[in-house]
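Worksheet for the structure shown next.
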Amino acid sequence: MSSDLVSISYVSAASEPFDDGHLNDLLAQSRRSNHGHDLTGMLLYRRGRFFQVLEGPQDAVDELMTKIRRDPRHTGVRVLLSEHIDERRFTEWTMGYEPIGVPTTPAPEGFRDTFDDLEADDEDASIRAVRELTVWFRARTAGDS
């Protein structure tokens, strides 16, 4: 595998709430662009917050992160984890997406109801949360590609 393969996980806040139409437009645009730049990853959106994992060649990921930081559709971009990887975790996804509905009843104890723990001051807790969400997404979407 290429030694310059990287993965970046970040969170951000939507400047305005995204409805299904806006999310579909964002996903279509992301998938076209990512395919052309050899990027893969996943996107989660909930309660005005984005969590995204991008993976691909270092230069392509860096270039996209520069664009993401300038994108007026969201603010407060915070990289949670940046790492070199030996192989992709989302090889089948130019941009996998999983809608996360808002529950109408209280969440069970230990259930992640928000992305708040991703932005904890405890770096180890944030990295653990990133890894848990990545595993959750891959398991939930297995066979959906």
Side-chain angles (χ1 to χ4, degrees), residues 1-15 17-71 73-103 107-145:
M1 293 288 159
S2 173
S3 62
D4 71 342
L5 196 60
V6 297
S7 174
I8 290 183
S9 302
Y10 75 89
V11 291
S12 66
S15 299
F18 271 59
D19 60 19
D20 289 344
H22 286 104
L23 283 170
N24 285 332
D25 291 346
L26 174 64
L27 287 167
Q29 174 191 353
S30 296
R31 287 174 175 149
R32 280 190 307 271
S33 175
N34 289 355
H35 179 73
H37 294 95
D38 193 26
L39 295 169
T40 54
M42 65 167 240
L43 174 68
L44 301 174
Y45 175 80
R46 177 132 194 229
R47 295 183 178 172
R49 305 287 299 160
F50 290 102
F51 168 70
Q52 185 167 22
V53 176
L54 294 170
E55 55 188 21
Q58 179 84 56
D59 292 346
V61 171
D62 289 347
E63 183 179 320
L64 182 55
M65 285 304 298
T66 297
K67 289 179 184 176
I68 286 170
R69 290 181 190 282
R70 293 179 183 154
D71 190 326
R73 294 176 289 190
H74 59 153
T75 61
V77 175
R78 180 174 170 218
V79 173
L80 303 172
L81 181 62
S82 177
E83 60 187 341
H84 287 272
I85 55 177
D86 293 325
E87 61 183 316
R88 295 174 190 257
R89 290 169 281 198
F90 302 99
T91 55
E92 68 279 7
W93 296 100
T94 52
M95 184 48 58
Y97 172 71
E98 178 68 23
I100 302 176
V102 177
E109 186 175 336
F111 181 80
R112 176 178 284 108
D113 190 32
T114 70
F115 296 152
D116 292 346
D117 58 340
L118 291 172
E119 300 183 79
D121 288 334
D122 179 348
E123 185 176 327
D124 289 337
S126 292
I127 290 171
R128 191 170 44 254
V130 166
R131 295 201 192 288
E132 289 171 3
L133 271 172
T134 301
V135 169
W136 170 84
F137 180 88
R138 290 175 62 201
R140 185 170 172 104
T141 59
D144 288 351
S145 61

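In what follows, every heavy atom counts, from backbone to side chain, and hydrogens, waters and symmetry copies are set aside.
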Can you tell me how the ring of F50 sits relative to the ring of Y45, calling it parallel under 30°, perpendicular over 60° and tilted otherwise?
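Geometry flag for Y45 against F50: tilted rings.
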Name the orientation class of the two ring planes belonging to Y10 and H74 (parallel below 30°, tilted from 30 to 60°, perpendicular beyond 60°).
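Tilted: the ring planes of Y10 and H74 meet at 30° to 60°.
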State, yes or no, whether a side-chain contact exists between [X] and [Y] at a heavy-atom distance under 4.5 Å.
| X | Y | result |
| --- | --- | --- |
| D19 | H22 | yes |
| M42 | F51 | yes |
| Q52 | V77 | no |

Closest approach of [X] and [Y], non-hydrogen atoms and distance?
| X | Y | result |
| --- | --- | --- |
| L26 | L43 | CD2-CD2, 4.1 Å |
| R88 | D38 | NH2-O, 2.9 Å |
| G56 | L39 | CA-CD2, 4.0 Å |

Quick check on side chain to side chain contact (heavy atoms under 4.5 Å, CB included): which of L80, L64, I68, V61 does I8 satisfy it with?
V61
Side chain to side chain contact (heavy atoms under 4.5 Å, CB included), paired with V6, selected from E55, E83, H84:
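Going through the options one by one, the only one that passes is H84.
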Can you tell me how far CD of Q29 sits from CG of N34, rounded to the nearest 0.5 angstrom?
9.5 Å
Does the D71 side chain pair with the main chain of K67, one donor and one acceptor, at a distance under 3.5 Å?
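Not confirmed, D71 side chain does not pair with K67 backbone.
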